[in-house]
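Just so it is clear, the values below take in all heavy atoms, side chains as well, and ignore hydrogens, waters and symmetry mates. Sequence lines set the chain letters: A, B, ... in the order given, protein chains first and strands last, and positions in each chain run from 1.
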Amino acid sequence: MTKYDPKKIEAKWQKYWQENKTFVSSNDSKKDKKYVLVEFPYPSGVGLHMGHVRPYTAADVTARYYRLKGFEVMFPMGWDAFGLPAENYAIKTGKPPAQTTEENIANIKRQITEFGYSFDWDREINTTDPNYYKWTQWLFLQFYKAGLAFEDTGLINWCPKDKTGLANEEVINGECERCGAKVEKKELKQWYLKITEYAEKLLQGLDGLDKWPDAVKLQQQNWIGKSEGAEIEFSVIMSDSEGSRDSSLQASRSSEYRQDDIKIKVFTTRPDTIFGATYLVVAPEHPLLKELKIDNQKEVGDYIEKATDQEEQDRTREDKEKTGVELKGIKAVNPASGEEIPVWVADYVLGNYGTGAIMAVPAHDERDFEFATKFDLPIKPVVVPTKEPINGYGVGAMLLTSDGKFVLQRRDQNASKDPYKVAFFGGGVEGDETIENALLRELKEELSLDIEFSNFKYFHSYTLKKDQKNVFGQLFVANNIDAQKLDLNEGAKIEILTAEEVLNHPDTTNFVKEVVAKYQTRSAEVLTEPGLLFNSGEFDGMASEEALPKMAEKYGQPKTTYRLRDWVFSRQRYWGEPIPIIHCDKDGIVPVPENQLPVTLPEVENYEPTGTGQSPLAGIDEWVNTECSECGGPAKRETNTMPQWAGSSWYFLRYADSKNDKEFASKDSLKYWMPVDIYFGGMEHTTLHLLYSRFWNIFLHHDQGLVPVSEPYVERVPHGIVLASDGTKMSKSKGNVVNPDELTEKYGADVTRMYELFLGPHGQMVAWNEDGITGVSKFLARVWTWLTEKEFGQDDSKTLSELHRLIKDTDRDIASYAYNTAVSGFMKFYNEVKDLEMSKDSAVSFLSLLYPFAPHICEELYEILGGKGSVQDLSWPEYDADKVVQDIITIAVQVNGKVRDEIEVDASATEDEIKTQALASEKVQKFIAGEPKKIIYVPQKLINFVG
RNA sequence: GCCCGGGUGGCGGAAUUGGUAUACGCACAGGACUUAAAAUCCUGGGCCAGAAAUGGAUUGAGGGUUCAAGUCCCUCCCCGGGCACCA
């Protein structure tokens with residue numbers, strides 16, 4: 001009798017797989033393909049960590065499973081090796097990044113091998129290999145030629161610690177995604193990729209991705225941030241401003257402006273509120289600010305300097321007080337109302353979104369409201385809130401009478417067909433009671449209604465609620481607007497009185513006057529929801545939703561904007577792909593001819609970033625100085641490198657044909673393998689790698705026709721991160737990092753793999769906790785003892801039924817990434833059948849099921865049982881539903897929904913037979929009083945007697 | 001603030017279309033083997049009451065629908081993640 005010795009057998013089979021090329025996939029297979037991909041690692045000096053083990057194990061189970069299922073499976077691996085750690089290490093030690101990278105790869109590859117992952121190493125890639133980045137550069141040139149790569153000067157995110165520019169996606173809460181340093185704004189000439197050009201395609205593509213988690217799709221959707229609205233132009237005119245004025249200046253400006261007809265273009269999602277636009281705001285970066293001649297030039301200039309100087313974080317802080325300066329001497333004309341309104345510059349408006357200018361509607365936008373309140377700007381409401389009548393209740397109105405009585409009008413509950421029919425409900429003020437209290441009392445007592453009071457600057461409203469949710473009706477009393485009559489949704493009428501009318505009404509008591517006066521001083525609220533328009537000329541009484549497109553059309557042009565920004569694609573660092581561009585004095589920007597690729601990284605002595613916005617490459621004269629491929633004259637190479645995300649934006653394509661030196665991948669290979677069927681990876685890449693690589697793929701498909709599918713990944717399977725046992729992130733500084741090497745050493749790869757999966761649902765984050773690993777360890781040891789000592793014979797019928805149940809469950813669990821329940825399924829199977837008769841065939845079937853999870857032990861046991869070759873060459877056992885059918889089944893017996901007993905019946909028993917047997921139970925009889933009124937029978941499961 | 005995801009024993013977690021809640025594992029208790037311990041194997045309870053048979057409660061809180069709710073509906077609380085002055 002041998003003992004389970006993971007160390008011995010694991011090394012043996014890893015060697016076998018390598019020598020026999022068990023997992024090497026073919027581009028010429030006749031079989032259906034499955035492309036199983038897991039994000040490739042950055043080969044850091046620390047080596048493999050638990051964050052890798054989880055997705056790799058899951059992906060490996062899936063890859064082995066589909067091989068058993070008869071698919072040609074590609075499960076490749078490579079190295080995403082450009083990046084800062086290697087470079088920072090080089091700065092410290094002087095070791096070239098290429099060398100440390102190579103060392104790290106060797107180490108991490110050893111670790112991966114020791115976990116027994118079934119990667120196809122014949123397709124291995126390395127993003128820092130010139131044979132690879134030649135094609136990254138080539139692809140960049142395709143973007144350039146398509147006009148999607150361009151150089152521009154602008155304010156970009158700058159990491160002061162890493163001394164490089166960053167993409168928008170790399171800034172998390174104002175901090176550098178990599179190092180956590182506070183990101184600054186810096187004006188630099190940078191390369192950009194025009195991802196915004198593909199905003200709509202990136203958005204629409206998500207619709208077809210049924211097998212992506214909603215969370216991932218939603219996050220990308222929000223990141224792209226599509227807003228539909230309108231661009232509206234406001235004319236700028238001179239205005240008389242207070243104080244002394246240089247008449248000659250006014251004269252010159254007057255002719256200048258009136259003729260030039262300067263306009264400020266704003267973007268809004270709420271053109272329906274345009275009548276409420278009481279001022280304009282332009283961002284401090286707005287280009288028009290440099291052209292406009294205004295009275296308070298100095299003051300505005302100072303403000304702009306201060307606003308654009310501060311760090312982004314301060315500017316977007318939530319609790320920040322709003323600041324701004326009015327542009328004196330000019331006004332804008334509201335194209336809807338014709339009113340002349342002031343123009344302000346304020347940093348709460350962002351220069352790089354929309355048009356960099358807004359129309360402010362303080363009555364219906366919280367930010368504008370805050371600003372208007374602070375600077376005492378007019379607030380003009382143009383939307384009245386409405387809520388759908390529910391349960392037959394409608395909108396009502398209130399009448400106050402001289403003797404303190406009030407009458408409430410509401411739609412009759414039973415008059416749903418006639419919305420005009422109303423019922424009246426009368427009440428009155430008692431003693432010293434306030435009318436508000438009287439209303440509350442009456443409504444509560446008589447109709448069980450709650451009343452909610454809202455005060456706006458220009459009107460106040462009562463919302464009458466039933467059960468705190470159903471709206472019974474609404475009342476509006478205007479404070480100082482013109483009396484209006486509005487049509488409401490179901491045709492009911494309400495009347496809005498001016499404050500004056502209310503106060504002067506003969507029926508209004510002094511008391512009501514007090515109430516109204518009090519309401520006017522209350523802090524106002526802002527209505528941001530759509531409603532019914534008033535104060536809006538011809539659109540009065542129309543619903544916001546209906547008026548919106550009409551008003552967008554009438555006063556401006558409908559317009560869609562996106563929050564997505566163009567991708568800052570250059571980094572001022574050494575260890576990245578050189579951007580294949582030459583700068584020539586005569587010809588300007590000249591792409592490196594394709595036949596001169598790759599532009600290889602030169603050896604440098606100093607890897608230190610200069611911090612001036614120049615890459616260390618700028619110091620290598622013999623590399624920088626080159627000749628222009630257009631004119632032959634002297635020219636300089638682009639010294640910026642590409643971001644870390646470049647190589648990973650297309651690596652999934654290269655795997656299909658990783659050795660090709662003529663193309664980035666042949667069309668045939670891409671046609672066979674693309675798209676990736678299942679892509680395992682982290683949630684943290686949702687708006688980074690996952691978005692970027694979709695962009696590249698969509699570009700290569702739609703624009704270039706080089707890739708056969710638009711969307712690269714059919715299915716995305718995210719994993720939860722592995723935390724340390726204390727629930728915090730594993731980090732070297734805290735010393736709570738679990739080293740995978742120790743685990744494979746102590747328990748073996750099979751146990752570590754299975755336990756990792758058993759810990760919890762794959763998509764959920766888990767705290768690493770070694771306590772439970774003995775359970776899995778014991779389980780595999782038991783399986784070993786069981787199968788090495790078992791005397792095989794015929795299958796017991798229960799063995800067979802349990803086996804087929806296991807086939808079905810394992811199938812389901814792997815397909816739905818529920819690895820934790822798959823593992824418990826194996827344990828349960830063992831517990832159930834270990835003492836029963838079993839055939840050798842069934843044992844082999846069991847091994848095939850377990851194999852994707854614990855491949856080494858299964859190979860060894862298969863060999864001990866007399867099998868030839870690898871379990872991988874077998875096929876997945878076929879599920880037979882007939883085998884799971886049992887002769888005797890257990891039926892739960894309920895009385896009034898509570899389980900009182902269980903009975904065992906023949907599987908073929910009829911409902912009547914089961915009923916009779918169930919009623920015979922003493923336990924059941926105890927709870928049944930008399931004849932049951934109703935009997936619910938759920939076949940094969942339960943019977944419920946309802947008394 | 002807005003948008004997602006989640007809340008089940010002492011712990012990790014299971015529960016397919018609404019149909020026996022707590023599978024599987026850890027920890028715990030008792031037993032076997034052993035001089036003893038570890039390892040291994042067997043058994044057990046899981047909250048409350050009870051010696052036991054048994055009964056009752058229970059899936060974050062409260063309400064509702066249903067013969068039947070962890071699962072569906074409403075209100076609220078808490079935790080995790082994403083976005084955040086995006087007009």
Side-chain angles (χ1 to χ4, degrees), chain A residues 172-174 213-223 225-227 229 266-270 273 281 315-320 322 346-350 352-361 364-368 370-371 467-469 561-565 683-684 686-687 720-721 727 755 758-761 763-767 769-776 778-779 781-782 785 808-809 812 816 818 820-831 890-902 923 926 932-947:
Chain A
I172 314 288
N173 287 331
D214 289 339
V216 174
K217 287 197 278 188
L218 273 164
Q219 230 170 286
Q220 286 207 357
Q221 249 171 44
N222 291 341
W223 190 260
K226 182 177 182 173
S227 291
V266 304
F267 173 73
T268 178
T269 56
R270 292 293 303 277
T273 62
V281 188
R315 184 164 163 185
T316 57
R317 230 180 47 224
E318 187 188 6
D319 53 350
K320 183 180 177 284
K322 290 217 168 12
D347 67 2
Y348 82 93
V349 172
L350 305 175
N352 53 2
Y353 180 77
T355 61
I358 61 151
M359 62 176 210
V361 186
H364 305 294
D365 181 279
E366 277 171 34
R367 295 150 302 180
D368 297 342
E370 195 191 320
F371 191 81
D467 303 325
Q468 294 189 321
K469 56 188 181 204
T561 57
Y562 302 89
R563 263 162 74 180
L564 189 69
R565 308 286 155 81
M683 213 52 200
E684 71 275 15
T686 299
T687 52
I721 53 171
Y755 181 59
F758 189 56
L759 263 178
Q764 186 178 304
M765 69 176 170
V766 289
N769 169 1
E770 220 169 298
D771 292 348
I773 199 167
T774 54
V776 174
K778 272 192 230 169
F779 168 70
R782 283 170 193 159
T785 313
K808 188 179 157 209
D809 289 354
R812 183 200 61 208
S816 57
N820 55 331
T821 51
V823 173
S824 68
F826 292 122
M827 294 170 171
K828 197 180 165 156
F829 173 79
Y830 168 81
N831 292 345
T890 308
I891 299 279
V893 185
Q894 296 184 334
V895 179
N896 289 325
K898 281 198 166 143
V899 180
R900 295 301 179 184
D901 200 5
E902 284 176 2
K923 291 178 190 168
K926 235 165 82 180
K933 283 198 194 88
K934 202 168 160 191
I935 298 168
I936 312 275
Y937 173 61
V938 182
Q940 314 280 305
K941 289 222 163 97
L942 65 76
I943 186 160
N944 186 10
F945 297 102
V946 184

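Checking C26(B), G82(B), A87(B) against the side-chain heavy atoms of Gln219(A) singles out G82(B) as nearest. When distances are taken from the side chain of Ile936(A) to each of G19(B), A87(B), G12(B), the shortest belongs to G19(B). Candidate nucleotides C26(B), G19(B), G12(B) were compared by shortest atom distance to the side chain of Lys941(A), and G19(B) ranks first. Picking from A87(B), A84(B), C85(B) the nucleotide with the shortest atom distance to the side chain of Lys322(A) gives C85(B). You'll find that the side chain of Arg782(A) is closest to C41(B), out of A15(B), C83(B), C41(B). Taking only side-chain atoms of Thr774(A), from C-beta outward, the nucleotide of C26(B), G25(B), C85(B) with the closest atom is C26(B). Side-chain proximity of Asn831(A) to the nucleotides C83(B), G25(B), A87(B) is greatest for G25(B). Among the nucleotides G13(B), A57(B), C41(B), the one closest to any side-chain atom of Pro761(A) is G13(B). Each of G13(B), A87(B), C3(B) was ranked by its minimum atom distance to the side chain of Asn222(A); first place goes to C3(B). Minimum atom distance to the side chain of Leu350(A) is reached by A87(B), of the listed C83(B), A87(B), A21(B).
With both ends at atom P, the span from U58(B) to G63(B) equals 11 Å, rounded to whole Å. Nucleotides G9(B) and U66(B) place their C1' atoms 28 Å apart, quoted to the nearest Å. Comparing G80(B) with A32(B), their C1' atoms are spaced 47 Å from each other, to the whole Å. Rounded to a whole angstrom, the distance from the P atom of C77(B) to that of G56(B) is 35 Å. C11(B) and A68(B) have their C1' atoms separated by 31 Å, given to the nearest Å. Nucleotides A14(B) and C33(B), compared at atom C1', are 34 Å apart to the nearest Å. Separation of the P atoms belonging to C26(B) and C3(B) is 43 Å when rounded to the nearest angstrom. Spacing of C1' atoms, G7(B) relative to G12(B), comes out at 15 Å, to the nearest Å.
If you check U65(B) for Watson-Crick or wobble pairing at under 3.5 angstrom, you find it has no partner at all. U17(B) is unpaired under the Watson-Crick or G-U wobble criterion, no partner having all donor-acceptor distances under 3.5 Å. In this entry G1(B) has C83(B) as its Watson-Crick or G-U wobble partner, both defining distances falling under 3.5 Å. Across all strands shown, A52(B) forms no Watson-Crick or G-U wobble pair with both key distances under 3.5 Å. Pair check for C41(B) finds G31(B); Watson-Crick or G-U wobble, both atom distances under 3.5 Å. G25(B) is paired with C11(B) under the criterion used here, namely a Watson-Crick or G-U wobble arrangement in which both key atom distances are under 3.5 Å.
Of the possible donor and acceptor atoms, none in the side chain of Glu902(A) sits under 3.5 Å from a partner among the backbone N and O of Thr890(A). Asp368(A) contributes a side-chain N or O that, together with a main-chain N or O of Val361(A), makes up a donor-acceptor pair within less than 3.5 Å.
OP1 and OP2 of C24(B) both lie 4.0 Å or more from every side-chain N or O belonging to Lys828(A). At A87(B), one or more side-chain N or O atoms of Ser227(A) fall inside 4.0 Å of OP1 or OP2 (strictly under the cut-off). Contact between the side-chain N/O atoms of Gln221(A) and the OP1/OP2 oxygens of C4(B) is not found at any separation under 4.0 Å. An OP1 or OP2 oxygen of A57(B) is reached within less than 4.0 angstrom by a side-chain nitrogen or oxygen of Lys898(A). One finds no side-chain N or O of Lys217(A) lying less than 4.0 angstrom from the OP1 or OP2 phosphate oxygen of C4(B). Dashed line: the shortest gap from a side-chain N or O of Arg900(A) to OP1 or OP2 of G56(B) is under 4.0 Å. For Asn820(A) and A14(B), the shortest distance from a side-chain N or O to OP1 or OP2 is below 4.0 Å. The shortest distance between the side-chain N/O atoms of Tyr348(A) and the OP1/OP2 oxygens of A87(B) is not below 4.0 Å.
Side-chain contact, Tyr937(A) with Asn944(A): no donor N or O sits under 3.5 Å from an acceptor N or O.
A heavy-atom distance below 4.5 Å is not found between the side chains of Leu759(A) and Asn820(A). For the pair Phe945(A) and Arg900(A), the minimum side-chain heavy-atom distance is 4.5 Å or more.
G55(B): glycosidic angle beyond 90° from 0, hence anti.
For C67(B), the base has a donor-acceptor partner in the side chain of Asn944(A) [N/O atoms by modelled type, under 3.5 angstrom].
Judged by the 6.0 Å distance and 45° axis criteria, Lys322(A) is not positioned over the aromatic ring of Phe371(A).
Heavy-atom neighbours of Lys941(A) NZ from other residues, nucleotides or ligands within 6.0 Å: at or below the threshold of 12.
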- [ ] Mind running side-chain hydrogen bond (donor to acceptor under 3.5 Å, both in side chains) on Tyr353(A) and Ser227(A) for me, showing each step along the way?
- [x] CA-CA 11 Å; Tyr353(A) 180 77; Ser227(A) 291; 3.3 Å; yes

